[in-house]
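Okay, so here's the structure we're looking at.
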Amino acid sequence: MTPPMTPPALPPSVAWSDHLVVLPIVLPIAVAGAMFLLDDRRRRLKEALSLATLLALVGIALVLVGRTSAAPEVYRVGNWAAPYGIVLVADRLSAMMLALAGLLGLCALVFSFARWGRAGPRFHGLFLLLLMGVNGAFLTGDLFNLFVFFEVMLAASYGLVLHGSGETRIRAGLGYIAVNLVASLFFLIGVSLVYGTMGTLNMADLARRLAAPGAGELALFEVGCAILGLAFLIKCSAWPLGFWLPTTYAAASAPAAAILAILSKVGVYVVLRLSLLLFGAGLSAGFGQGAILVAGLATIAFGTVGILASRDLTRAAGYAVMISSGTVLAVLGTGSEAALAGALYYLVGSTLAAGALFLLAEILQRGRDPVEAAQPVFADEYRDPFDDADATEVGRAIPAGVAILGVGLLLCTLVLAGVPPLPGFVGKLAIFIGLTAGTVTAAGWCLIACLTLSSLFTLMPMVRLGILNLWVPNDDPPPVLRLSELTALSGLLAACAALALWGGPALAYADATMQWLKAPEAYIAAVLDGGAR
Amino acid sequence: MTGADLPLWAAWLVVALVLTGAAFSLTGALGLVRLKTFYERVHAPTLGATLGTALILCGSMLLLSLIEGRLVLRDALIGLFLTVTTPVTLLLLARAAAHRDRHEGNPGAPPKP
Amino acid sequence: MSRVLPYPVLSVALALTWLLLNAPPTPGSALLALAVGLAVPHAMRPLRPQSVRVRAPGALARLGVVVLADMVRSNIDVARIILGLRRGERRTGFVSIPLDLREPFGLTVLAVILTATPGTLWVQYDSDTGHLLLHVLDYTDGDEWVRRVKDRYERPLMEIFA
Amino acid sequence: MSAAAVLDWGLGLAQGALVLAMALAAWRCLRGPRAHDRILGLDTLYLNGMLTIVVHGMRTGSGLYFEAALIIGMIGFTATVALAKFLMQGEVIQ
Amino acid sequence: MAPELLLVLAAILPFLGSAAAICLPGHARNAAAGLAGFVTVTGLACIGLLYPLAASGAPVVFAVDWLPALGIRLVLRLDGLAWIFSVLVLGIGALVALYARYYMDAADPIPRLYCYLLAFVGAMLGIVLSGNLIQLVVFWELTSVVSFLLIGYWSDNASARDGARMALTITAAGGLCLLVGAVLLGRIAGSYELDAVLAAGPVVRESPLYGPALVLVLAGALTKSAQLPFHIWLPRAMAAPTPVSAYLHSATMVKAGIFLMIRFWPVLAGTESWYWIVGTAGMATMLVGSWSAIFQHDLKGLLAYSTISHLGLITLLLGLNSPLAVVAAIFHTVNHATFKASLFMAAGIIDHETGTRDMRRLSGLWHAMPYTATLAMVAAAAMAGVPLLNGFLSKEMFLAEAVDSTGEHWLNLALPVLATLASAFTVLYSLRFIRQTFFGPPARDLPHAPHEPVRWMRIPIEALVLVCVAIGLVPNLTIGPALAGAARAVLGERMPDYDLAIWHGFNAPLAMSVLALAGGVALYRVFGARIDTNPRGGPWLMHRLDGGWLFERGMTGLVKGARWLEARLGTEHLQPQLRILFLAALAAAAAAGVARGLDLLAPGRATAFDPAFALMWLVGAACALGAAERAKYHRLSAVILVGGAGLVSSLTFLWLSAPDLAVTQILVEIVTTAMLLLGLRWLPKRDRAIPVPDSERVRARRRRVTDLVIALAAGLGLATIAYAVMTRPAVDGIGRWFVEEAYPQAGGRNVVNVLLVDFRAFDTLGEIAVLGIVGLTVFALLRRFRPAPDSLERPAQQRRHDADDRSSEGREPGHTTADALLVPRLVTTWLFPFIILLALHLFLRGHDLPGGGFAAGIALTVAFMLQYMAWGAAWVEERLRIQPIAWIGLGLLVAVLAGAGSWLAGRPFLTAYFAYWKFPILGKVPVASALVFDLGIMVLVVGASALMLVALAHQSLRRTRVAQGQAEREASEERA
Amino acid sequence: MELVLSLGIGVLAAAGVWLMLRPRSFQVALGLSLLSYAVNLFIFAMGRLTVGAPPVLGAGTGIGQDSVFVDDPVTQALVLTALVISFALTALFLVVLLAARGITGSDHVDGREPHPGQQSPGEPHPGRPQP
Ligand code: NA
Ligand code: NA
């Protein structure tokens with residue numbers, strides 16, 4: 001197959017509103033850049049800037065969710081058409097993920113206002129750049145560009161994991177970075193092998209080439225995809241590649257851990273996107289599906305074992321993140337379309353809850369935890385290494401703090417364990433209904449059993465840890481909940497509740513997204529033939 | 001192929017320059033292997049850094065000038081900067097070696113100046 | 001003058017280098033060379049380097065020729081030694097040379113000359129005594145080396161950078 | 001023998017010689033015995049690598065390789081200076 | 001009001017009340033109780049008003065869409081069965097609300113209790129009113145959760161916490177099974193609507209999925225209704241405040257399981273499996289429950305086991321697959337709720353007034369509280385099945401069923417005997433309860449002096465006992481119609497004929513009743529005293545089977561097992577993790593290749609072999625292997641050798657037509673080497689002399705062999721793939737297009753640079769973001785860096801230099817260093833402007849020739865680095881003010897603005913502008929927005945790499961300061 | 001050439017992987033460097049090999065401009081991006097290992113010595129001086 005030597009004619013000019021697609025990437029990087037020019041002592045200004053950016057990101061994501069319901073939007077960066085240039089593709093799935101990332105980011109940011117934002121220099125810039133990487137990964141339609149955004153996201157996550165410093169963080173960070181560096185190398189090997197055998201980096205182009213018989217070096221291409229897939233599974237923290245996750249997330253500062261909850265979902269997103277786009281049909285149809293199923297089931301199982309074994313809430317939350325990734329992977333591996341819609345819905349709910357749990361855990365374990373926020377730091381000129389200015393703690397202590405924390409913990413537990421009526425339940429229900437819709441396969445039974453057991457074994461340790469943290473009397477002063485922390489927490493939990501309450505529309509959206517993903521021809525046409533916009 | 005329309009003498013000249021230069025460099029590297037002590041070995045690479053480089057760069061300048069039909073002198077810059085910078089490494093190395101040898105009381109240790 | 005052109009020689013050298021790099025010269029590259037010659041030395045100013053005054057350009061040229069000739073000769077000598085073409089016993093050793101030259105720039109040029117010349121190596125210089133420890137590959141006579149360094153290089157250098 | 005053939009053979013031979021020089025330098029790097037021997041070996045390796053680049057540029061008749069050579073010539077010594085200084089002072093930057 | 005609205009009101013009101021209660025201040029007891037009373041009574045009124053409709057046979061239904069994609073609606077559906085259960089829930093709820101007001105201590109946070117209670121009322125109503133399977137599951141789990149909160153209400157109490165956890169674990173586990181069961185039921189029936197499922201009975205029972213569905217639904221029902229062996233949670237739930245026990249653990253929640261079995265009786269019952277599972281469970285539970293109840297010394301414990309036993313009885317009835325038994329089950333459910341709730345309340349009063357619930361300490365309370373005692377005795381008699389009370393009626397029906405049920409199974413044959421036995425046990429513990437508590441001499445040494453409770457506290461008991469008596473005396477006038485309505489809702493066409501009369505003549509059930517009564521009394525006479533002295537070890541025969549202990553052991557074992565598994569299946573150590581990653585990659589690649597029959601050695605294209613290139617790679621390989629070998633003990637050598645390998649790979653780029661790569665690689669190489677050395681200074685020295693234990697030596701060797709194999713396999717694998725791809729013809733990809741269009745479309749001759757700053761500039765934007773982030777992270781980390789104590793000291797070399805200087809005359813410390821650095825300092829200083837020039841050169845020509853912003857930036861960094869190396873950090877920073885973070889920000893901003901500029905021209909982000917502008921003298925000058933973008937790159941690269949280097953370099957300064965601080969501290973300590 | 005380069009990649013990768021599996025963090029850092037070289041060369045190799053025909057079009061030098069170029073400049077661009085990123089991440093890893101070493105006192109990758117009874121590596125020990 002010969003690609004066209006000249007790209008399709010480009011529109012003479014682009015409407016202002018079309019730039020919305022690139023904003024989730026450009027906005028954070030621009031604001032971060034501007035912040036680096038400001039002295040780190042101007043905290044209020046930086047907080048305001050970050051808050052405004054995050055609000056804008058959520059707004060943009062919501063607008064995109066609305067706009068992409070009709071058709072995807074393709075944005076040609078540099079005005080070069082696919083497959084030559086890099087294109088951004090906002091479709092239902094990416095818009096949904098953008099909204100999720102934005103919401104989680106917003107809440108984590110608000111949470112950080114209480115104290116974490118000051119535990120190390122340049123927190124806000126790193127935070128925004130992390131979001132830029134995540135958003136880029138969700139939007140890009142180019143495999144290598146995806147690598148770049150992965151690296152942006154990871155580099156920022158390294159920074160955020162280490163944010164606040166301290167022995168535990170650095171020790172965990174070392175392992176986290178080493179593992180993810182290897183994953184990045186795998187990514188590079190895989191992506192270059194794909195390019196070397198297929199001659200393109202554009203995902204849609206790749207799909208189109210795979211549809212034509214006799215394309216490229218199929219065997220070597222699949223070797224590349226296998227290595228690439230491995231890299232993604234490492235990011236998904238699939239068993240046995242994801243041992244880094246619980247340790248790292250437990251060590252990370254709370255807002256960092258909360259926003260990291262989206263990170264492993266980026267891996268899931270990519271696996272979802274690529275396997276449905278490339279391997280739904282065509283020469284390599286069904287490639288890797290069995291592996292994904294096994295990896296997913298094993299991840300659920302291991303995550304469940306881990307959560308049962310957890311000694312503290314942050315670790316439990318880390319394992320919950322694993323279980324949630326494993327669930328989506330396993331559902332993808334079963335190939336059940338109906339269940340996949342449920343899995344998409346579940347992904348959103350469980351990610352929000354895991355994020356909330358990280359925040360909660362930090363408040364509850366504050367003071368008992370060896371991993372504490374270090375003294376705040378402002379003077380970040382490199383010539384003043386010992387200047388650790390201290391600041392008064394801000395925020396109003398809320399009298400009913402403990403009760404609110406209890407409610408929050410309960411809600412998180414319900415979501416993560418899939419107990420009604422929250423989205424964890426609705427998601428699992430949708431998955432069950434999807435899996436049992438036709439003839440129930442052995443994989444389906446297996447997954448149902450796995451998910452049910454994992455629900456139970458999530459509930460038990462969560463209850464144990466909750467009792468330990470909230471009910472068992474101890475001499476520690478009761479945890480103090482600050483207003484910004486409360487706002488962040490209630491934001492996430494309210495989002496969970498809304499997701500359950502408006503489960504109808506949400507599931508309908510997930511269902512439509514699944515339909516859209518299952519029929520990638522429209523996506524391919526939109527990217528390559530300028531079908532949309 | 002390079003230099004298809006070059007006069008033969010020029011080709012021979014260029015080759016002679018470059019080969020001689022390369023020979024000096026090779027000799028220098030050989031010295032690095034053959035000479036017995038560190039202080040002797042330090043002298044060897046200078047062969048390549050001075051005459052070897054000079055000859056090769058002359059060859060290069062000649063060839064490029066002939067190909068482009070104008071005077072191409074920029075390769076001289078390489079030689080210039082190399083001449084200035086290589087000694088920095090060597091004398092620091094020698095200084096370090098001298099210090100260590102003296103400290104460890106090795107037989108070939110240099111005397112104090 | 002000094003505010004616009006803090007180091008005139010440097011400016012000229014930079015402009016020339018630029019032109020060499022971007023040969024053949026065009027009006028554009030000449031303009032850029034001018035700009036580089038004017039602007040870049042200002043980046044040098046904060047380092048506050050000791051300014052250099054070349055007193056005897058003629059001596060500089062003569063020194064250049066001498067060094068070049070010495071370099072070729074010692075290259076050949078050293079090559080012969082390495083390749084084992086030289087008959088007879090060969091001794092290597094250290095020579096201590098009392099230097100009168102104290103000007104840092106002169107000393108640096110001397111160090112570069114000696115080190116760049118195969119067969120001699122600048123090992124250690126003692127600023128308090130002015131003694132230089134030189135390693136010589138082909139050590140025949142210590143005094144001979146002292147004289148050689150002082151006559152052939154140190155004196156012209158003292159003349160140039162006095 | 002045409003000019004092109006002369007150049008091709010001659011330059012090829014020169015390049016071979018330079019690579020051989022690199023190999024000898026690398027041998028010193030590996031053999032030691034002391035750290036300063038190895039650093040010296042690396043310095044020689046850089047030098048001969050630079051010359052290899054120049055000759056390669058001549059073989060292909062292209063000026064595109066010049067920058068690479070110039071960079072080694074001008075700032076290639078940074079790495080070996082750092083090594084030497086580490087040896088001498090125990091740290092690269094005090 | 002429309003009936004649907006009444007229904008909605010009744011269903012929603014408890015939740016609203018719950019939300020309102022939590023907003024009340026902590027001491028608002030009356031308000032909270034009033035609120036609860038209002039809610040329950042209003043709900044009761046609503047449900048009461050709906051009685052005619054519910055009894056009519058056509059259920060009242062209200063539905064809203066919830067999850068249309070899954071075909072799930074929220075449906076409120078009131079039929080006869082739901083009506084009778086709703087009345088129970090709301091009626092007893094109202095009484096408990098009143099009772100709790102007086103029972104609870106003033107210090108307790110009462111509004112929270114009422115909040116939970118009302119939420120529970122709502123959840124329970126939700127279950128009974130559910131017209132949708134999934135909705136039922138939702139409320140089902142809600143009751144588990146709320147009951148958890150209620151049991152754990154006194155959370156300072158360890159047994160409350162444990163009890164709550166156990167209850168939640170068991171009932172929620174059942175609920176999870178129920179969910180799957182409900183999904184399967186819905187799948188078989190084709191709908192989750194209750195009406196549809198109820199209509200699909202035959203289809204369900206025929207389905208191959210019937211078995212799993214049945215087991216899963218029953219798992220939910222049996223756990224909730226505390227059937228053997230899941231009953232263990234119920235006695236421990238008694239740690240809840242007594243009103244809660246009265247309400248949840250006798251009258252309502254445990255009945256949810258019963259309700260479920262009744263609800264789905266028409267669908268699931270009637271099969272062998274139903275009979276065996278439900279019947280056996282019920283029978284066993286009834287016997288074990290009643291047997292265990294006998295041996296309890298705690299009043300609430302006795303009542304709890306009694307509850308278990310009665311639940312077993314009802315379950316057994318439902319298991320018999322007989323319509324009449326269903327009627328009996330519903331009837332007994334109501335009866336049990338009334339007498340058991342009143343008994344719990346009585347027990348609560350006793351506890352409240354005397355301060356103990358231990359029957360061995362209690363005695364003769366009749367004298368102190370005759371009124372309460374009477375009430376309790378009537379209720380206990382009802383429990384024992386004494387005629388003229390409601391318990392008698394339903395027990396007669398039960399015994400009749402036991403006799404009537406025919407079949408060859410041993411269960412059928414044994415049924416009458418076992419039923420009588422269980423009844424006798426019931427009589428025995430009822431008798432013991434009455435006798436031990438109310439009769440005998442007045443107790444002494446009680447915590448409080450007993451007397452009658454306040455009037456309001458007795459009203460609920462009075463009401464309930466009244467119901468017991470009323471039903472017992474005139475069943476047809478009281479419960480008759482409602483029972484019939486409920487039974488009809490379940491049985492429909494199969495409604496049996498029955499008679500609720502007290503007297504049915506002399507028949508087998510009556511004989512069994514009499515036998516049980518007589519037997520119970522006799523047993524008490526014989527064993528009563530011995531039971532009292534039975535140490536706290538559980539019932540005879542069963543004292544080894546302590547469910548709670550087993551459960552705790554199970555939980556501990558589970559967690560221990562999980563930890564064991566976590567350690568086996570995972571690891572926190574980095575090395576095994578990396579090993580797994582590499583192995584997984586090898587396996588994945590091999591599997592993918594083998595699956596497609598990859599032919600690795602297929603002949604293909606080849607580029608002319610050059611021996612010089614091969615020799616060069618010999619060098620490269622030797623360097624790499626040498627580095628691998630020396631990295632452990634000879635780090636400096638390893639750094640040198642890695643440098644050699646890097647040089648070879650950059651020469652390779654050059655050789656193979658990639659000058660840009662070569663330039664970049666060389667520059668990066670230089671900076672990396674410097675950075676590695678900067679880091680090396682802070683690492684501990686390692687030497688072979690470090691002793692290693694022998695055992696470790698063997699293991700280490702084994703590990704090394706494994707690693708060697710993995711490394712070789714990885715190398716071989718990568719080499720093979722690379723070879724396979726390289727020798728295959730190039731695919732017809734997008735690559736050629738760039739070569740052809742770079743100049744015409746993007747105006748750049750260096751295609752690689754054009755790719756970087758134009759075609760794929762977006763990648764580059766990300767790349768510099770990474771660089772900036774890393775710079776900042778490095779900086780942030782090193783700010784807090786504390787050198788390890790053993791590397792705090794100045795390096796030995798410097799100390800020796802200074803010592804030499806001190807010992808020689810005329811020299812000061814530092815002279816040796818200054819002398820040694822004399823030449824390097826001068827050279828590097830004067831090189832500084834030339835490197836800047838080089839950087840400018842690389843930057844400006846990037847678009848057309850090898851170079852570009854990145855290379856320029858690194859070159860500039862090297863210029864700075866050389867100054868730092870020659871002069872030291874302090875000297876440089878006195879002179880040069882570098883603000884790397886600002887440079888990073890500036891670089892990012894410039895790059896982004898260069899990209900966003902195209903918006904003004906109505907083009908997408910990063911659209912490059914390119915043109916030749918004509919100037920006088922200069923002629924045509926190329927103008928490209930890509931250059932601005934490249935400028936951003938350069939600025940950022942300088943900022944980030946300088947930041948990293950400077951941050952690393954600064955550690956030495958910091959070390960000095962730490963050392964100074966230490967010296968000062970020591971000095972001051974010495975002075976002190 | 002293909003064979004030579006692929007063997008070279010293989011050796012670099014093997015050495016890199018070996019070092020990455022070592023227990024000392026500095027070894028891992030060096031391994032990372034070597035493995036990055038291998039991967040960069042691998043990416044580069046995916047564009048197939050061309051000797052002496054850089055993808056730089058005409059004009060610049062005026063030297064024999066035939067239209068023979070590297071077939072595929074894309075891999076070169078990819079390598080450049082990867083190169084920069086791996087440079088940055090190697091630096092980061094190095095600093096993290098330094099921080100870990102400083103704060104835990106150990107240079108083991110797990111931040112603690114595997115055999116607590118063993119002599120800590122930082123202590124001076126008798127042995128031959130390091131070359
Ligand atoms: Na944490
Ligand atoms: Na010399």
Side-chain angles (χ1 to χ4, degrees), chain A residues 13-14 22 29-30 33 36-37 76-79 83-84 86 120-122 129 145 148-149 151-152 155-156 159 165 175 178 182 196 199-200 216 219 222-223 226-227 230 240 243 247 302 305-306 308-309 385 419-421 432-433 436 452 455-456 459-460 463 467 471 473 503-504 507-508 511, chain E residues 67-70 138 141 155-156 161 165 169 172-173 176 183 187 562-563 565-566 569-572 574 577 580-581 585 588-589 592-593 596 598 725 731 733-734 737 759 761-763 766 769-770 773-774 776-777 780-781 783-784 885-886 888-889 892-893 896 906-911 950 958:
Chain A
S13 87
V14 182
V22 79
I29 195 176
F36 293 147
L37 294 174
R76 300 186 175 87
V77 181
N79 212 19
Y84 305 106
I86 293 170
R122 306 292 169 182
L129 287 172
N145 194 234
V148 172
F149 279 116
E151 292 309 311
V152 172
S165 207
V182 172
T200 189
E222 287 187 356
V223 170
I227 297 174
L230 202 68
F243 303 138
T247 318
F302 181 69
V305 167
L308 257 178
V419 174
F432 286 170
I433 290 180
T436 53
T452 307
S455 282
L456 177 62
L459 184 67
M460 279 162 43
V463 168
I467 288 175
W471 279 2
L507 268 174
D511 199 48
Chain E
L67 304 171
L70 304 177
V138 170
E141 291 288 47
S155 58
D156 283 0
R161 297 195 296 265
R165 183 153 75 98
T169 305
L176 290 169
V183 168
R187 150 91 166 60
R563 289 195 178 138
L565 263 180
E566 187 196 27
L569 296 177
T571 173
E572 294 206 347
L574 181 61
Q577 287 192 42
I580 292 170
L581 292 193
R596 280 280 174 187
L598 175 58
V725 174
V731 280
I734 57 172
W737 184 86
F759 291 122
F762 210 43
D763 279 349
V770 171
I773 294 167
V774 167
L776 287 167
T777 307
L781 263 179
R783 276 186 59 78
R784 296 188 169 279
I885 296 184
I888 292 176
L892 280 180
L893 269 186
V896 170
R907 304 280 173 187
F909 187 67
L910 275 173
T911 305
V950 169
R958 156 167 309 195

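Here is how names work: the chains are called A, B, and so on, in the same order as the sequence lines, proteins then strands, and each is numbered from 1. Only this structure's heavy atoms are used, side chains among them; waters, hydrogens and symmetry mates stay out.
Counting heavy-atom pairs closer than 4.5 Å to chain A, the top residue among Ala562(E), Ala588(E), Ala172(E) is Ala562(E). Among the candidates Asp156(E), Leu569(E), Leu776(E), Ile580(E), the residue making the largest number of heavy-atom pairs closer than 4.5 Å to chain A is Leu569(E). With respect to chain A, the highest number of heavy-atom pairs below 4.5 Å among Leu892(E), Val138(E), Val896(E) belongs to Val138(E). Among the candidates Gly570(E), Ala69(E), Gly766(E), Ala585(E), the residue making the largest number of heavy-atom pairs closer than 4.5 Å to chain A is Gly570(E). Most heavy-atom pairs under 4.5 Å with chain E, from the set Ile29(A), Asn145(A), Val182(A), Val223(A): that is Asn145(A). Note: Gly78(A) leads Gly33(A), Gly78(A), Gly159(A), Gly199(A) in heavy-atom pairs under 4.5 Å with chain E.
Between Val731(E) and Gly196(A), the shortest heavy-atom distance links the atoms CG2-O, 3.7 Å. Residues Glu566(E) and Val305(A) share a closest heavy-atom pair of N-CG1, 3.6 Å. Here the shortest heavy-atom pairing between Pro68(E) and Gly504(A) reads CD-CA, 3.5 Å. Shortest non-hydrogen contact noted between Ser155(E) and Trp471(A) is CB-CG, 3.4 Å. Here the closest non-hydrogen pair linking Ala155(A) and Val774(E) is CB-CG2, 4.2 Å.
One distance of note links CD of Glu572(E) with OG1 of Thr247(A); it measures 4.0 Å at 0.5 Å rounding. The distance from atom CD1 of Ile734(E) to atom OG1 of Thr200(A), rounded to the nearest 0.5 Å, is 4.5 Å. To the nearest 0.5 Å, atoms CZ (Phe243(A)) and CG (Leu581(E)) are separated by 9.5 Å. Atom CG in Asp511(A) sits 12.0 Å away from atom CG in Leu67(E) (nearest 0.5 Å). One distance of note links CG of Leu70(E) with CG of Leu507(A); it measures 5.0 Å at 0.5 Å rounding.
In this structure, Pro908(E) and Val77(A) have side chains that are not in contact, with every pair of non-hydrogen atoms separated by 4.5 Å or more. Between Ile86(A) and Asp763(E) the shortest side-chain heavy-atom distance falls below 4.5 Å.
Looking at Leu565(E), both its backbone and its side chain come within 4.5 Å of chain A, counting heavy atoms on both sides. Using a 4.5 Å cut-off between heavy atoms, Phe302(A) contacts chain E through its side chain alone, with no backbone atom that close. Using a 4.5 Å cut-off between heavy atoms, Ala592(E) touches chain A through backbone and side chain atoms alike. Residue Ala589(E) touches chain A through both its backbone and its side chain, counting heavy-atom pairs closer than 4.5 Å. Of the two parts of Leu459(A), only the side chain, counted from C-beta on, holds a non-hydrogen atom closer than 4.5 Å to a non-hydrogen atom of chain E. Contacts of Leu910(E) with chain A are made by both backbone and side-chain atoms, with heavy-atom separations under 4.5 Å. Interface remark: Val152(A) contributes backbone and side-chain atoms alike to the contact with chain E (heavy atom separation under 4.5 Å). For Arg187(E), the part sitting under 4.5 Å from any heavy atom of chain A is the side chain, from C-beta outward, and nothing else.
In terms of the side-chain hydrogen bond (donor to acceptor under 3.5 Å, both in side chains) criterion, residue partners of Glu151(A) (sequence neighbours excluded) are, by chain and number, Ser184(A). The salt bridge (Lys or Arg N to Asp or Glu O under 4.0 Å) search around Arg596(E) returns Glu222(A), not counting sequence neighbours.
Between Tyr84(A) and Trp737(E), the two ring planes are parallel [angle under 30°; tilted spans 30° to 60°].
With Arg122(A) as the fixed residue, the side-chain contact (heavy atoms from CB on, under 4.5 Å) test singles out one of Thr777(E), Ile773(E), Ile885(E): Ile885(E).
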